[in-house]
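A quick write-up on the structure given underneath.
Just so it is clear, the values below take in all heavy atoms, side chains as well, and ignore hydrogens, waters and symmetry mates. Just follow the structure's listing: the first ligand is 1, and inside any ligand the first atom is 1. Here the structure is a predicted model, which means the values were calculated and not measured.
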Amino acid sequence: MWRGGSNTRTCKRRFFSSPTRSRHHRPPYICRLHSRGSQHLKAMAEVDHLAAERATARFDVEEMKVAWAGSRHAVHVADRMARLVASDPVFRKDNRTMLSRKELFKDTLRKAAHAWKRIVELRLTEEEADLLRQYVDQPGYVDLHWGMFVPAIKGQGTEEQQHKWLPLAYKFQIIGCYAQTELGHGSNVQGLETTATFDPKTDEFVIHSPTLTSSKWWPGGLGKASTHAVVYARLITEGKDYGIHGFIVQLRSLEDHSPLPGVTLGDIGGKFGSGAYNSMDNGVLRFDHVRIPRDQMLMRLSQVTREGKYVHSNVPKQLLYGTMVYVRQSIVADASKALSRAVCIAVRYSAVRKQFGSQDGGPETQVLNYKTQQSRLFPLLASAYAFRFVGDWLNWLYTDVTQKLEAKDFSTLQEAHACTAGLKAVTTSVTADAIEECRKLCGGHGYLNSSGLPELFAVYVPACTYEGDNVVLLLQVARILMKTVSQLASGKQPVGTMAYMGKVQYLMQCKSAVSSAEDWLNPDAIQEAFEARALRMAVNCAQNISQAASQEEAAGFYERSPDLLEAAVAHIQLIIVTKFIEKVHQEIPGHGVKEQLQALCNVYALYILHKHLGDFLATGCITPRQGALANEQLGKLYAQVRPNAVALVDAFNYTDHYLGSVLGRYDGDVYPALYEEAWKDPLNETVVPEGYHEYLRPLIKQQQLKLSRL
Ligand SMILES: CC/C=C\C/C=C\C/C=C\C/C=C\C/C=C\C/C=C\CC/C=C/C(=O)SCCNC(=O)CCNC(=O)[C@H](O)C(C)(C)COP(=O)(O)OP(=O)(O)OC[C@H]1O[C@@H](n2cnc3c(N)ncnc32)[C@H](O)[C@@H]1OP(=O)(O)O
Ligand SMILES: Cc1cc2nc3c(=O)[nH]c(=O)nc-3n(C[C@H](O)[C@H](O)[C@H](O)COP(=O)(O)OP(=O)(O)OC[C@H]3O[C@@H](n4cnc5c(N)ncnc54)[C@H](O)[C@@H]3O)c2cc1C
């Protein structure tokens with residue numbers, strides 16, 4: 001971890017960020033003593049405190065890095081970009097939680113500008129530039145510019161519009177954001193109130209915020225940075241409301257950044273946690289009859305002619321939601337990154353941390369050896385790998401659907417929506433909970449900002465809400481499941497990830513053949529149990545909805561929505577398990593790599609089975625004894641993972657800079673780092689705190705006086 005800066009109290013040394021480099025030529029650990037510290041740190045030789053852990057690994061870590069990253073090339077590029085960021089003082093982030101909001105925001109602007117400068121100077125490819133931004137690791141307006149503004153124009157703009165706007169965006173001559181959500185409506189996109197009324201006299205749209213609740217509220221990058229936005233508004237022409245459409249609207253002057261006439265703009269205020277997502281200027285925006293040329297309506301899907309006629313191309317109107325689908329699939333890949341970071345910190349620290357169990361003055365027990373620690377941590381490690389692989393698959397699906405859409409084949413649109421919405425919901429919910437669990441797994445020190453976990457949690461939790469509230473998205477999946485179940489009777493064969501529902505006759509009555517703990521290692525046994533559970537839960541819901549006599553279907557859906565959520569989760573967990581099993585069936589090079597992934601796949605599946613045992617039992621596909629056997633096998637798998645745990649997190653190949661955690665350091669030398677980090681807190685800038693003379697001294701003196709009078 002680079003610890004640059006001018007703080008004279010910090011150690012005179014460089015922490016090399018690269019795990020591979022740090023193993024060899026690291027200079028001796030020599031700290032300058034803190035003049036005010038009560039205890040002096042001694043110079044000590046550098047040690048890899050985790051070397052013994054790494055020596056027990058039964059697989060080739062370098063090859064596991066390839067399996068995790070996807071290719072040797074991906075490992076190489078990621079490595080280069082991570083080092084580039086870690087070695088650049090501008091990208092320092094260890095002081096982030098101590099900055100005021102204004103300082104943090106300015107720091108974000110500085111980092112974004114510097115990142116762009118480096119991208120241009122080094123002529124980085126798009127792949128390299130994306131990775132560089134990832135390793136800079138500070139949410140900011142660029143995320144929305146590249147992540148939503150540009151994709152919205154690409155997906156919904158005509159060729160002419162793309163030709164006009166994209167080059168400006170690519171060179172940062174304009175900065176854009178995605179302004180959809182309003183104060184009154186986020187989930188219900190059809191409920192948005194902003195209007196775009198066509199004026200045929202001037203060939204313009206008039207963008208207006210008719211109510212307080214129609215104020216745009218939340219868009220990232222809007223508050224302070226963006227010059228332009230893709231604004232979603234109700235299109236009104238010839239007196240008729242045609243619903244929500246996208247428009248490119250300039251918000252700020254390109255000369256002095258002041259808001260254009262009729263535009264009111266600002267930041268919506270501080271958010272959860274210190275540092276974290278406060279680097280982002282989520283904004284508020286109101287329009288007072290702002291005029292834009294007609295050709296700034298994004299017209300790929302529908303158009304308004306010069307005369308004001310509304311023309312809708314012969315494509316599904318849901319294509320308007322394409323940018324959200326794109327971002328949802330990328331959020332699944334982000335989930336595996338955030339989860340693997342938390343797990344990496346918790347696994348390394350659990351291997352270093354010792355408590356209890358000392359006999360005859362011998363060493364205490366590493367907390368990683370406690371079975372409870374393993375049963376809490378290893379499923380999360382397995383989930384990180386599971387999400388990584390399902391994320392890769394989802395990316396493939398998204399690319400495939402996009403190609404089909406180009407060819408006017410809309411047959412897989414529903415599948416893309418169900419998979420992106422459902423996987424986004426499940427992976428972000430699990431990851432948010434898992435980061436908090438990792439904090440607890442690190443005991444008291446996990447609560448320190450220097451552990452990196454509080455900030456990771458604070459920056460990650462909104463992922464459960466943005467890009468679609470997770471409950472709202474799971475209900476979308478449930479609706480598609482109900483539709484699929486209702487079509488089974490007509491003999492329509494479900495396809496894609498719903499194909500298993502076609503085996504309804506078999507899955508509704510099958511009983512698992514598992515008779516020993518080892519039988520649960522058979523992927524067919526796992527697959528069958530997960531399919532039977534998902535299908536039976538969906539069918540139960542469908543029956544309950546239809547039995548809700550006299551009720552309309554929508555009312556039945558509403559009544560049963562808590563059960564429908566669970567059915568949707570079961571379906572999505574089946575997809576994750578299936579994709580993990582498929583991954584492990586592939587050829588995977590490297591000594592022991594496939595075996596480790598096999599073990600993790602089994603941990604993931606059997607953990608879900610154990611956690612949701614009630615579902616599996618209730619639907620009758622497995623017995624209580626078979627459930628107990630799954631748990632027995634899970635314990636055996638944890639023992640198998642234990643000697644490999646540290647190497648399995650090393651395979652994520654994260655630099656100390658990116659991890660940003662004293663507990664997750666590659667060398668495991670956590671105590672000096674914790675000690676050193678504490679002294680950097682602004683409270684320690686003076687020995688006697690500010691406020692002593694105003695509040696502490698008078699209090700103490702007053703009490704002393706009282707005592708002396710007694
Ligand atoms: C400090 C750092 C330290 C550590 C960092 C560590 C880790 C960091 C890791 C990651 C995070 C960090 C930084 C991230 C940076 C950036 C984050 C990126 C993004 C954040 C920005 C967020 C942006 C937003 O939130 S944009 C706004 C998003 N809004 C939504 O998602 C709204 C949700 N609502 C909807 O989508 C819709 O309203 C709906 C719920 C789907 C309902 O739509 P509608 O009413 O129109 O439709 P119906 O329900 O009636 O359905 C009709 C019909 O349509 C089908 N349908 C619906 N949607 C789709 C679709 N998208 N595609 C295809 N089809 C669709 C539906 O199934 C129905 O079909 P049927 O008619 O056949 O039944
Ligand atoms: C950090 C952050 C960044 C964001 N960035 C952007 C951005 O760049 N651009 C942008 O346009 N927006 C952005 N958003 C807004 C975001 O997309 C919305 O907040 C999100 O879609 C949820 O909508 P909502 O706030 O209206 O929640 P609500 O829908 O009001 O949710 C409130 C509660 O109601 C429940 N609920 C709602 N509808 C139903 C239903 N039908 N059935 C059952 N329960 C329901 C939800 O589950 C939730 O518990 C951002 C939000 C955050 C937090």
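- Atom 48 (C) of ligand 2 has Asp469 OD1, 3.7 Å as its closest protein atom, hydrogens excluded (heavy atom only).
- Contacts between Met280 and ligand 2, counted as non-hydrogen atom pairs separated by less than 4.0 Å, are absent for every part of the residue.
- Closest heavy-atom approach to atom 45 (O) of ligand 1 among the candidates Glu415, Gln190, Lys317, Glu455: Gln190.
- Across Val459, Val472, Val325, heavy-atom proximity to atom 61 (N) of ligand 1 is greatest for Val325.
- Closest heavy-atom approach to atom 72 (O) of ligand 1 within the set Gln414, Lys483, His185: this belongs to Lys483.
- Under the 3.5 Å distance criterion, with hydrogens and angles disregarded, a donor-acceptor pair is assigned to the side chains of Thr428 and Asn470.
- If you check each of Glu467, Met280, Gln180, His417 against atom 26 (S) of ligand 1, the one with the closest non-hydrogen atom is Glu467.
- Among protein heavy atoms, the minimum distance from atom 15 (C) of ligand 2 is reached at Thr181 OG1, 3.2 Å.
- Checking side-chain atoms of Gln156 against main-chain N and O of Ile153 turns up no donor-acceptor pair under 3.5 Å.
- The residue among Arg341, Arg479, Met148 with a heavy atom at the shortest distance from atom 51 (O) of ligand 1 is Arg479.
- Given atom 7 (C) of ligand 2, the protein heavy atom at minimum distance is Pro219 CA, 3.3 Å.
- Inclusion of Gln476 in the set of residues having an N or O under 3.5 Å from an N or O of ligand 1 is warranted.
- The closest side-chain heavy-atom distance from Leu320 to Tyr232 is below 4.5 Å.
- Put simply, the side chain of Glu677 never gets that close to the backbone of Val662: no donor and acceptor are under 3.5 Å apart.
- Protein heavy atom in closest approach to atom 52 (C) of ligand 2: Trp218 CE3, 3.6 Å.
- Below 3.5 Å of separation, one finds an N or O of Ser187 facing an N or O of ligand 2.
- Salt bridge Arg300/Glu406: present, at least one basic N to carboxylate O contact under 4.0 Å.
- Shortest contact from atom 21 (C) of ligand 1 to any protein heavy atom: Leu144 CD1, 3.8 Å.
- Ion pairing between Glu455 and Arg96 holds under the 4.0 Å rule for side-chain N and carboxylate O.
- The protein atom (non-hydrogen) at minimum distance from atom 6 (C) of ligand 1 is Leu456 CD1, 3.0 Å.
- At a heavy-atom cutoff of 4.0 Å, ligand 2 is contacted by the side chain of Asn282 but not by its backbone.
- For atom 35 (C) of ligand 1, the nearest non-hydrogen atom from the set Gly468, Gly220, Gly140, Ser187 belongs to Ser187.
- Nearest protein heavy-atom neighbour of atom 9 (N) of ligand 2: Tyr178 O, 2.9 Å.
- In this structure, His657 has its ring center no closer than 6.0 Å to that of Tyr135.
- Residue contacts with ligand 2, taken as heavy atom pairs separated by less than 4.0 Å, involve Leu475 solely via side-chain atoms from C-beta onward.
- Contacts between Val471 and ligand 2 below 4.0 angstrom, taking non-hydrogen atoms only, involve the side chain exclusively.
- When each atom of ligand 1 is checked for a heavy atom of Met324 under 4.0 Å away, the hits are 28 (C), 29 (N), 30 (C), 31 (O), 32 (C), 36 (O).
- An N or O contact shorter than 3.5 Å is missing between Met148 and ligand 2 by distance.
- Taking a distance limit of 4.0 Å, we find that atom 30 (O) of ligand 2 is approached by no protein heavy atom.
- Within a 4.0 Å radius of atom 47 (O) of ligand 1, the protein contributes no heavy atom.
- Only the side chain of Thr181 comes within contact range of ligand 1, with a heavy atom under 4.0 Å; no backbone atom does.
- In this structure, Asp241 pairs ionically with Arg234, as a charged nitrogen and a carboxylate oxygen lie closer than 4.0 Å.
- Polar contact with ligand 2: absent for Leu144 (N/O pair, distance under 3.5 Å).
- Of all protein heavy atoms, the one closest to atom 37 (C) of ligand 2 is Val472 CG2, 3.7 Å.
- Nearest protein neighbour of atom 20 (C) of ligand 2, counting heavy atoms only, is Thr465 O, 3.3 Å.
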